[in-house]
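Okay, structure first, notes after.
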Amino acid sequence: QVQLVESGGGLVHSGGSLRLSCANSGGTFSSYAMGWFRQAPGKEREFVAAVSRSGDSAYNVDSVKGRFTISRDNAKDTVYLQMNSLKPEDTAVYYCAAVYTFTWYSVPRLDSDYNYWGQGTQVTVSS
C-alpha cells in the first residue's frame, strides 16, 4: 500500500525558493507516476507538475514553467518539487499523488487519474 508524506513547506518571501519532498512507504515506487497538485483557499485543486515512473518524462503547468522543477529519486522512494522565483499566487496547500502506470513514459495530469494522495504541506509566499 502506497503511503505518501510531504515535507518542505513553509513561509517564504516573494522571489524565494523552497523544495518540497514526498516520501513513499509501501508499494514499488518506480511503478508509479508521481504528481504535485495545489489548492489555494477558496479554489479548486489544480495540477502543478508530474513525472513518469522512470523520471524521463515530466510536465509542468504553464504558470510554473521555468520556475518549478519536478524530479524523483527511485532509490530513495522520493519525489521532489523545486520551486524558485516564488510568487504570492503560489500560496497553497501542496499535495503529492501517485498512480500505477503500465508505461514508463506516462505523465498523468488530472487529479482523477491519481489514486494515492499525501496529506499536504502548506506553502505561503509573502509579498
Side-chain angles (χ1 to χ4, degrees):
Q1 182 77 3
V2 172
Q3 291 186 321
L4 304 173
V5 178
E6 302 98 334
S7 61
L11 173 64
V12 64
H13 291 298
S14 181
S17 298
L18 284 174
R19 187 176 81 155
L20 304 183
S21 299
C22 174
N24 169 59
S25 60
T28 303
F29 184 68
S30 59
S31 297
Y32 295 83
M34 300 297 297
W36 285 98
F37 293 77
R38 65 186 180 186
Q39 187 167 21
K43 295 187 177 181
E44 293 189 353
R45 186 165 59 192
E46 67 171 350
F47 170 79
V48 177
V51 63
S52 65
R53 54 187 283 182
S54 68
D56 290 334
S57 297
Y59 184 84
N60 291 345
V61 70
D62 285 347
S63 60
V64 306
K65 282 182 179 177
R67 300 189 300 122
F68 292 10
T69 303
I70 187 171
S71 62
R72 65 189 296 160
D73 185 338
N74 285 347
K76 295 183 178 180
D77 286 6
T78 302
V79 63
Y80 304 98
L81 186 67
Q82 178 66 46
M83 305 186 295
N84 299 328
S85 302
L86 282 160
K87 305 175 181 180
E89 51 263 43
D90 294 318
T91 294
V93 177
Y94 283 71
Y95 298 91
C96 71
V99 60
Y100 178 85
T101 58
F102 291 96
T103 60
W104 63 266
Y105 52 82
S106 294
V107 185
R109 305 173 194 178
L110 301 177
D111 57 1
S112 58
D113 290 332
Y114 291 83
N115 43 21
Y116 298 101
W117 292 84
Q119 83 289 348
T121 186
Q122 176 70 46
V123 171
T124 303
V125 184
S126 62
S127 57

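Quick note: numbers below take in every heavy atom, side chains included, and nothing from hydrogens, waters or symmetry partners.
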Measure from the side-chain N and O atoms of [X] to the backbone N and O of [Y], and report whether any donor-acceptor pair falls under 3.5 Å.
X: Thr124; Y: Thr91; value: no
X: Thr28; Y: Ser30; value: no
X: Arg19; Y: Tyr80; value: no
X: Tyr114; Y: Pro108; value: yes
X: Ser52; Y: Trp104; value: yes
X: Glu6; Y: Leu20; value: no

Minimum heavy-atom separation for [X] to [Y], with atom names?
X: Ala98; Y: Val2; result: CB-CG1, 4.3 Å
X: Ala33; Y: Thr101; result: CB-CG2, 3.7 Å
X: Met34; Y: Arg72; result: CG-NH1, 3.6 Å
X: Gln122; Y: Val93; result: OE1-CG2, 3.2 Å
X: Asp113; Y: Val99; result: O-CG2, 3.0 Å
X: Ser14; Y: Ser127; result: CB-CA, 4.2 Å

Report, one line per pair, each donor and acceptor closer than 3.5 Å where one atom sits in a side chain of residues 58-68; sequence neighbours left out.
from  : atom 1 : to    : atom 2 : distance (Å)
Asn60 : ND2    : Phe68 : O      : 2.8
Asp62 : OD1    : Lys65 : NZ     : 3.1
Arg67 : NH1    : Ser85 : O      : 2.9
Arg67 : NH1    : Asp90 : OD2    : 2.7
Arg67 : NH2    : Ser63 : O      : 3.0
Arg67 : NH2    : Asp90 : OD1    : 3.1
Arg67 : NH2    : Asp90 : OD2    : 3.4

Distance, nearest 0.5 Å, that separates [atom1] of [X] from [atom2] of [Y]:
X: Asn24; Y: Thr78; atom1: CG; atom2: OG1; value: 8.0 Å
X: Asn74; Y: Lys76; atom1: CG; atom2: NZ; value: 12.0 Å
X: Gln1; Y: Tyr116; atom1: CD; atom2: OH; value: 4.5 Å
X: Arg38; Y: Arg45; atom1: CZ; atom2: CZ; value: 13.5 Å
X: Thr121; Y: Leu18; atom1: OG1; atom2: CG; value: 9.0 Å

Determine whether Arg53 and Ser106 satisfy the following criterion, side-chain contact (heavy atoms from CB on, under 4.5 Å), listing intermediate values before the conclusion.
CA-CA 7 Å; Arg53 54 187 283 182; Ser106 294; over 6 Å; no

Specify whether Tyr95 and Trp117 have parallel, tilted or perpendicular ring planes, treating 30° as the upper limit for parallel and 60° as the lower limit for perpendicular.
perpendicular

Is the NZ or CZ atom of Arg109 both under 6.0 Å from the centre of the six-membered ring of Phe47 and within 45° of that ring's axis?
no

